[in-house]
Amino acid sequence: MLNIKRFACTGLAAILVVSLPACGKDKSSGYPPLPEEDDTVYNISLCQDEDSDYYNNISQGFNDALTDLFGSAHVNVTTMVANDTIGTDSICADYVTGGTDLIFANGKKSLSSAATATEDIPIVGAAVMDYQSVLHLATASDSSWNKKTGTNVTGISSKPNLEEQLSLLIEATPDLQSVGLLYNPEDTDGIYQNVLLEKYLDQAGIPWKEYALPSDDIDSSISDELTDATAIAPTKQIASSVTEGSNNDVVSFAGNDLLSGIFSPSSAHVASTSATWTPDLSIANAEPLAADASLEDIVQYACNECSVLFLPAESQLTSEVQTIVDIATASGTRTVGGDASLGQETLVSMYKDPYAMGYAAGKMVYRILVDGADPGDIKITNSPAENVKLYNASRAESLGMTFPKSFHEINDYFANYEIGSTTTRISSDDTAE
C-alpha cells in the first residue's frame with residue numbers, strides 16, 4: 001500500500017459530537033463570519049458509508065470547512081459510520097427523527113439512505129459519481145441535465161474528468177491506433193465512464209472497442225462487506241448508471257431496503273465497437289473468443305487488438321489490475337488507470353485529493369444554512385482538486401518509456417504528499433465566490 005501522510009479520522013464507530021476549534025477566516029471571502037452576537041448553533045449530521053482512509057479524508061475536509069466557515073461556537077457535528085451492526089438506512093432515519101438541520105452523506109449508500117429518509121431536511125453529498133442514478137433523476141442524456149436535483153439534495157461529484165483522461169491516454173501512447181475499454185458487466189459506474197469517454201474518442205477519431213471481463217474473476221458481490229478502501233480510492237461497489245443499463249425504476253417493497261435495487265447488478269450493457277474500427281485492427285484469422293473465455297484470455301485478445309487499455313476509476317477491476325497490467329506490459333500495450341489506486345499497477349493514472357471534495361461540500365453547507373440557498377437550486381459540481389498525472393516507474397521502464405515533468409512518479413509522489421495540503425482553506429482565501 002502506498003505510504004501517504006494522512007489526517008487523523010474525525011469519528012468512526014459510534015456517534016461522536018465534535019467540538020471544532022476556532023480558526024481564522026478571511027472576511028473578504030464569500031463566506032463572512034457569523035456575527036459575535038449570533039448565538040445560533042447548527043446541528044449537522046454526518047453519515048459515512050464505511051471506515052476507510054478515503055471516506056475519512058473526505059470527512060476531515062468537511063469538518064475543517066465547517067471550522068473555517070462557522071467557528072466552534074456555531075456548529076455541532078454528529079458523525080456515524082456504517083458497519084456490520086448498523087447501516088446507512090438506520091443512521092439516516094435516526095438523524096431525521098432527531099431533528100438535524102442538515103445531513104452530510106459521505107458515499108452513495110449514505111446519499112440514497114438520506115434521500116429516502118427525508119424530502120425536507122437539506123442533504124449534501126460527496127463521494128458519489130452519478131447523482132442522477134442514485135436519486136433516480138433520469139434525463140434524455142447526461143449532457144441535457146442542468147446539474148440541479150430540484151429536491152432537497154446537492155453535493156460534490158467524484159466523477160473524473162474524462163476529457164483529461166483522454167489527454168492522459170494519448171500522452172501515454174506514442175503510437176496510438178486503437179483503445180480497449182475494459183469493464184465488469186456488473187460495474188455500471190465503470191460502464192458509465194466508458195460510455196462518456198467513447199464520446200471524446202469519437203470526436204477525436206480514435207477507434208475503440210469494449211471488452212467485458214468475467215465477473216466470476218472479480219470481487220463484484222455487494223453482499224461481501226469490502227473494507228480495502230484506501231486514501232486514494234473507495235471500496236469498489238456496484239453502482240447505477242443513468243447512461244445505459246441502469247435500473248432507474250426501483251420500487252421499495254415493505255421490509256426491503258431501497259439500496260437492494262439501486263446497488264443491484266442491473267447493467268444490461270453489451271460490449272460494442274466504434275464506427276471507426278477497421279478490419280485491420282482486428283486479429284487476422286483469429287477465432288472469436290469463447291463465451292466462457294477467462295479474464296486472461298480476454299485481456300490478451302484486447303492487447304493484440306489495441307494500443308492501450310483503459311480501466312475506469314473506482315473500478316470493479318481493481319482486484320485484478322495486476323494480472324491485467326502484467327499481460328498488457330508483456331504485450332507492449334500501455335495501460336491507463338482512472339484513479340491512483342489502479343495506478344499502483346497501471347502505466348499512468350490520475351489522482352484527486354479526496355480532502356478537497358469534503359471541503360467543497362462544507363462550503364455548500366454554509367450557503368444552505370447561513371445564506372438560505374435551496375439545495376435543489378445548487379448545481380452538483382465536481383471536486384475542485386487538481387488532477388495530478390502519475391506514472392509508474394517500473395511499468396515505464398519495462399516499456400522503455402520516460403515521462404515529462406508534468407507527470408509525477410506515483411510512489412515518490414505519495415511518499416511526500418500530505419492529504420489536504422493543496423486545498424486552499426477559506427482563512428487564506430481572499431477570492432469571493
Side-chain angles (χ1 to χ4, degrees), residues 9-21 34 38-52 55-56 58-128 131 134-135 149 151-156 252 254-260 262 358-359 361-376 378:
C9 58
T10 56
L12 299 176
I15 297 179
L16 299 178
V17 177
V18 181
S19 177
L20 299 173
L34 299 179
D38 187 345
D39 60 358
T40 303
V41 177
Y42 297 99
N43 292 306
I44 298 169
S45 300
L46 192 161
C47 181
Q48 183 171 308
D49 274 16
E50 66 179 59
D51 178 10
S52 72
Y55 291 109
N56 292 341
I58 292 172
S59 290
Q60 182 68 61
F62 179 77
N63 279 307
D64 285 351
L66 298 185
T67 301
D68 295 348
L69 276 72
F70 290 87
S72 59
H74 297 286
V75 66
N76 184 45
V77 181
T78 301
T79 298
M80 288 196 71
V81 180
N83 54 41
D84 291 339
T85 60
I86 186 168
T88 57
D89 275 359
S90 297
I91 293 171
C92 291
D94 288 345
Y95 283 158
V96 172
T97 302
T100 185
D101 293 318
L102 181 142
I103 298 175
F104 175 54
N106 188 1
K108 47 184 168 275
K109 287 186 178 181
S110 295
L111 178 64
S112 177
S113 294
T116 301
T118 178
E119 296 179 355
D120 303 312
I121 297 172
I123 300 168
V124 175
V128 178
Y131 280 78
V134 175
L135 300 175
T149 68
T151 68
N152 59 323
V153 179
T154 189
I156 309 297
S252 180
N256 288 345
D257 188 344
L258 182 61
L259 289 174
S260 65
I262 292 175
Y359 200 91
K363 289 183 176 182
M364 286 183 166
V365 171
Y366 184 99
R367 292 175 61 189
I368 294 167
L369 296 183
V370 178
D371 295 340
D374 184 339
I378 300 177

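The analysis underlying the following values was restricted to heavy atoms, covering all of them including side chains, and did not include hydrogens, waters or symmetry mates.
- Put simply, the side chain of T100 never gets that close to the backbone of I103: no donor and acceptor are under 3.5 Å apart.
- There is a side-chain donor-acceptor pair under 3.5 Å between S59 and Q48.
- Listed for the S90 side chain is no donor-acceptor partner under 3.5 Å among the backbone atoms of I86.
- Of the possible polar contacts, none joining the H74 side chain to the V41 backbone as a donor-acceptor pair under 3.5 Å is found.
- Under the 3.5 Å distance criterion, the side-chain polar atoms of S110 are matched with a main-chain donor or acceptor of C47.
- When atom types are taken as modelled, the side chain of T97 and the backbone of A93 share a donor-acceptor pair closer than 3.5 angstrom.
- Side-chain atoms of N83 and T85 form a donor-acceptor pair, as typed in the model, at a separation below 3.5 Å.
- No option in S45, P122, P375 other than P122 meets the side chain to side chain contact (heavy atoms under 4.5 Å, CB included) test with L102.
- Side-chain contact of Q60 with N56: a donor-acceptor pair under 3.5 Å is absent, judged by distance alone.
- With hydrogens and angles disregarded, a donor-acceptor distance shorter than 3.5 Å links the side chain of T67 to the backbone of N63.
- Of the possible donor and acceptor atoms, none in the side chain of Y42 sits under 3.5 Å from a partner among the backbone N and O of V77.
- Of the possible polar contacts, none joining the N43 side chain to the D101 backbone as a donor-acceptor pair under 3.5 Å is found.
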